Amino acid sequence: MKKIAVLTSGGDSPAMNAALRAITLSCGYHQLQCVGFYHGYNGLIDDQHVDMQNLNINSALQHGGTILKSARCHSMLSNEGVMQACNTLRKHDIDALIVIGGDGSLKGLQAIKQHWERQVIGLPGTIDNDLNGTDNTIGFSTAVTTATHAIDKIRDTANAFERVFIVEVMGRHSGHIAFNVGIATGAEAIISFENFSKDQANIKVNEILKAIEKQASTHGSFLIILAENLWPGGAQALKESLNKQGQLNSAMCILGHIQRGGSPTPEDRNLATELGLASVDAILNSKDNIMIGKCSGTVVETTLNDVINTPKQLNTGWVNAHQEQLTYYLK
């Protein structure tokens, strides 16, 4: 083993830099060369590379984003793009490739494996926490913390006006952020993929209005956490429906990309560091075609095929058992 390549792909997530640092330091310890490719798979296709030992990786540890930059790569959806990526790996005589990213990034890694004979390792880098094979993905803790802090501030002003407030959080097509943030902020309602379908919109509006009316005597706010890409027309449409049918003056806030940035939490830094070190160890132990995650406190290896083709379910058991104590509306 002489040369390992690494890239960050897709949507950025806090602590990607911590993973890059761990991989680079581990390669140095084992006297391996570590090559980084910029801008995700685009940099691999276009051969935009850097010797990772030449970067000041320690100073990047506390910052969000990624020092290798990231991007989505439409070329990886074509056979020509995948073959060009493989040709770059062969050109540099790369022995193993580590990709840090989400579902789409791991699908790209799987496509490379079909045409490239050497080792591939995936690390779960996404705020959405939607990858099977790990309890938490790199960046999820920070995204939940950022959203929670922002919503705590929103709750203050909502209380001052006794206002209904809708907050839309990220997650793509997963309810992990919405669910965890909703519980952490004491939201009165959580609307997510696990308890909503688009044909239920009118029914759900009526249910929310009943819950709002029930709480009116407490002189407080009513907070609704809404998962993105879910409600027909988004948070604005939900706000308009509530205002019209309930004669309310509700407000809304879309948190958006602030959930992707910021200094990563210690939990994310430590998880990224542990998985980064484990990825180099896996390569040295001839492991291949896997994603490395952490479940129940233990580093685990899951085949890329199982990660990609097994949806990660949201565990709502403990909340469902006590939902009347926690929220008016979580079903």
Side-chain angles (χ1 to χ4, degrees), residues 3-44 46-73 92 94 96-102 105-106 108-109 121-129 131 134 136-147 149 170 257-283 291-294 299:
K3 192 179 293 186
I4 292 176
V6 61
L7 60 86
T8 51
S9 170
D12 62 304
S13 62
M16 279 184 164
N17 285 329
L20 291 173
R21 173 179 176 271
I23 291 167
T24 303
L25 292 177
S26 183
C27 284
Y29 176 80
H30 292 289
Q31 297 183 326
L32 309 173
Q33 185 176 353
C34 188
V35 178
F37 285 92
Y38 286 109
H39 306 111
Y41 288 113
N42 293 300
L44 186 57
D46 298 333
D47 196 8
Q48 301 173 352
H49 66 277
V50 63
D51 186 335
M52 292 297 291
Q53 273 89 2
N54 291 334
L55 297 180
N56 188 0
I57 54 171
N58 279 325
S59 65
L61 178 65
Q62 68 271 32
H63 298 295
T66 161
I67 56 175
L68 284 181
K69 312 303 178 186
S70 190
R72 306 192 189 280
C73 182
H92 291 281
I94 301 297
L97 172 63
I98 301 171
V99 171
I100 309 168
S105 301
L106 297 187
L109 187 59
I121 304 290
L123 293 185
T126 168
I127 67 169
D128 302 330
N129 201 34
L131 290 177
T134 188
N136 289 333
T137 54
I138 297 169
F140 175 65
S141 168
T142 305
V144 169
T145 300
T146 298
H149 289 168
M170 297 182 82
H257 285 75
I258 68 165
Q259 295 160 92
R260 287 199 183 281
S263 180
T265 62
E267 291 85 357
D268 266 335
R269 298 184 198 191
N270 291 341
L271 174 64
T273 298
E274 187 171 11
L275 299 188
L277 293 174
S279 67
V280 177
D281 289 343
I283 290 169
M291 186 198 81
I292 297 177
K294 189 174 183 180
V299 172

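All of these numbers come straight from a predicted model, not from anything done at the bench.
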* Thr142 side chain vs Thr265 backbone, donor-acceptor pair below 3.5 Å -> yes

* Asked: Between Val50 and Leu68, is a side chain to side chain contact (heavy atoms under 4.5 Å, CB included) present by the stated rule, with each step listed?
  -> CA-CA 9 Å; Val50 63; Leu68 284 181; 4.0 Å; yes

* What orientation do Phe37 and His49 show, parallel under 30°, tilted 30 to 60°, or perpendicular over 60°? -> tilted

* Short question: side chain of Tyr41, backbone of Leu109 - any donor-acceptor pair under 3.5 Å? -> yes

* To do: For Arg269 and Ser141, test the side chains for any donor-to-acceptor distance below 3.5 angstrom and give the result as yes or no.
  => no

* Asked: Under 6.0 Å from the NZ atom of Lys69, do we count more than 12 heavy atoms belonging to anything else shown?
  -> no

* To do: Start with the C-alpha gap between Leu55 and Thr24, add the side-chain angles, then the distance that decides, and say whether side chain to side chain contact (heavy atoms under 4.5 Å, CB included) holds.
  => CA-CA 10 Å; Leu55 297 180; Thr24 303; over 6 Å; no

* **Distance, nearest 0.5 Å, that separates CE of Met291 from OG1 of Thr137** => 9.0 Å

* Could you tell me which non-hydrogen atom of Ser70 sits nearest to which non-hydrogen atom of Thr8, and how far apart they are? => OG-O, 3.4 Å

* Quick one: does Asp51's side chain have a donor or acceptor within less than 3.5 Å of a partner on Gln53's backbone? -> yes

* Is atom NE2 of His30 surrounded by more than 12 heavy atoms (other residues, nucleotides or ligands) closer than 6.0 Å? -> yes

* Donor-acceptor under 3.5 Å (Ser279 side chain, Gly276 main chain) -> yes

* Nearest 0.5 Å, what's the NE2-OG distance between His63 and Ser263? -> 8.0 Å

* To do: Spell out, as yes or no, whether a donor-acceptor pair under 3.5 Å connects the side chain of Asn42 to the backbone of Arg72.
  => yes

* Value rounded to 0.5 Å, distance of OG in Ser59 from CZ in Arg21 -> 10.5 Å

* To do: Show your working on side chain to side chain contact (heavy atoms under 4.5 Å, CB included) between Lys294 and Asn136 and close with a plain yes or no.
  => CA-CA 7 Å; Lys294 189 174 183 180; Asn136 289 333; over 6 Å; no

* Would you please test Ile23 and Leu123 for side chain to side chain contact (heavy atoms under 4.5 Å, CB included) and show each step? => CA-CA 11 Å; Ile23 291 167; Leu123 293 185; 4.1 Å; yes

* **Distance-minimising heavy-atom pair for Thr146 and Gly261** => OG1-O, 4.3 Å

* Please round to the nearest 0.5 Å and tell me the distance separating atom CG of Asp268 and atom OG1 of Thr273. => 10.0 Å

* Structure fact -> Taken to the nearest 0.5 Å, the spacing of Ile292 CD1 from Ile100 CD1 works out to 11.0 Å

* **Atom of Ser105, atom of Gly10 and distance for their closest heavy-atom approach** => OG-N, 3.8 Å

* Asked: If you look at every heavy atom in Val280 and Cys27, which pair is closest and at what distance?
  -> CG2-SG, 4.2 Å

* **Distance-minimising heavy-atom pair for Ser13 and Ile138** => OG-O, 3.1 Å

* Structure fact -> For Leu44 and Leu97 the tightest heavy-atom approach is CD2-CD2, 4.4 Å

* To do: Answer yes or no: is there a side-chain heavy-atom contact under 4.5 Å between Ile94 and Ile4?
  => no

* Which value, rounded to the nearest 0.5 Å, describes the distance between His39 atom NE2 and Ser9 atom OG? -> 12.5 Å

